[in-house]
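Note that ligands are numbered from 1 as they come in the structure, with each ligand's atoms numbered from 1 the same way.
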Amino acid sequence: MKTNRSFILMFIALAFFTGCSSDEEGSCPLTTWYQDADNDGLGNPNVSQSACQQPSGFVSNNSDTDDSANAEITLHSAFDDFDKENFTIYLDGSDVVLETNGHPNHTSPYWSSVNGRGRATVTSNHPLFVEPTVTSYDQMAPGFIDDFDGFFTLRVSANPSKASRSSSTGLGPIGMAISGAVIYNDQEGPNVPIDNAISSLDYTGAHTGPQSYHYHIEPIAWSLNDDKLIGIIADGFFLYGRKCNSTGNYPNDLDASGGHISTTQHSNTAEYHYHIQNELYLNQYYILFPGDYQGTPNAVQ
Ligand SMILES: [Zn+2]
Ligand SMILES: [Zn+2]
């Protein structure tokens, strides 16, 4: 008798509790969430559920055409555009590892030369040396590109996904350009915007720093107002020029970091990527990537 009564009490309590919670659901907006089995931030339109809160493993996007979690991991075809001489790029499990000597594969006044800023130990111009045009010997930063026996490594997911919250970029390398040199943000030092050093940038938006030759603005050596691949940001997402291959024009749906989801010349599947934002800085420059990271960054070391 006693057992039966507790069962009945429990049943009444349960019914009461369920009734309560369904009342509460009425006041919260239901959203449709789509399964993201491969964790790429894109959801499977065929597998969904409605809930107030985002369920684990589900996203609001529903544009994934292949959500298979155990799809074979391959190197993204965008890596074909990275300079073969300067880079070594390989898969390690589900990660991609990029190694570069940090040298750009194009001309610059920052290559060693006997003229201008020459020094006794340099007896001939580097083959890629060109005279400064937009900067001058007086304004150039110290150091030749070939002084840096750089070795930079970046490890990113082969299938990067957006983080639950964005994070700001810091000083030093925040990505790697396809040329072989590294990418910096819009700061030249702690709380020092690039304005103060802009006169030292060469024609392609780069200069030397303590440990590297690096880009701050649109690298016109290979991309000027177009949809070319610029490089990879430290969170694993690719950075493209000001235009998007999906439309042939400036994207109008970019988030605060210059990112959006669309197809590219390297992917028929829509995927998240960044663009150089088509907004003038100091009336004449386009900052490469001011941030924030929308994915989880790894250090460029
Ligand atoms: Zn700099
Ligand atoms: Zn795009």
Practice prompt. Report, rounded to 10°, the angle at the Zn ion (ligand 2) between the two atoms NE2 (His260) and NE2 (His273).
Written response: 100°

Worksheet entry | Atom of His275 nearest the Zn ion (ligand 2) (restricted to N/O/S, atom name only) | NE2

Item to complete: Would you check if there is a donor-acceptor pair between the side chains of Tyr137 and Glu131 at a distance under 3.5 Å?
Response: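 A donor-acceptor contact under 3.5 Å links the two side chains.
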
Discussion item. For a quick check under 3.5 Å, do Asp195 and Tyr281 share a side-chain donor-acceptor pair by atom type?
Written reply: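 Per modelled atom types, Asp195 and Tyr281 side chains form a pair under 3.5 Å.
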
Item to complete: Decide yes or no on side chain to side chain donor-acceptor pair (under 3.5 Å) for Asp138 and Ser136, but give the supporting numbers first.
Response: CA-CA 5 Å; Asp138 290 345; Ser136 68; 5.0 Å; no

Worksheet item: Taking it one step at a time, do Thr107 and Leu128 satisfy side-chain contact (heavy atoms from CB on, under 4.5 Å)?
Response: CA-CA 4 Å; Thr107 61; Leu128 289 173; 4.2 Å; yes

Worksheet item: How many protein N, O or S atoms are found at a distance of less than 2.8 Å from the Zn ion (ligand 1)?
Response: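 Count of protein N, O, S atoms less than 2.8 Å from the Zn ion (ligand 1): 4.
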
Worksheet item: Does the pair His266 and Tyr240 meet the rule for a side chain to side chain donor-acceptor pair (under 3.5 Å), with working shown?
Response: CA-CA 11 Å; His266 301 109; Tyr240 287 88; 2.7 Å; yes

Practice prompt. Let me see the working for Asn61 and Tyr272 under side chain to side chain donor-acceptor pair (under 3.5 Å), right down to the final yes or no.
Written response: CA-CA 11 Å; Asn61 175 284; Tyr272 187 80; over 6 Å; no

Worksheet item: Are the ring centres of Phe238 and His273 closer than 6.0 Å?
Response: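 They do not qualify: ring centres at least 6.0 Å apart.
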
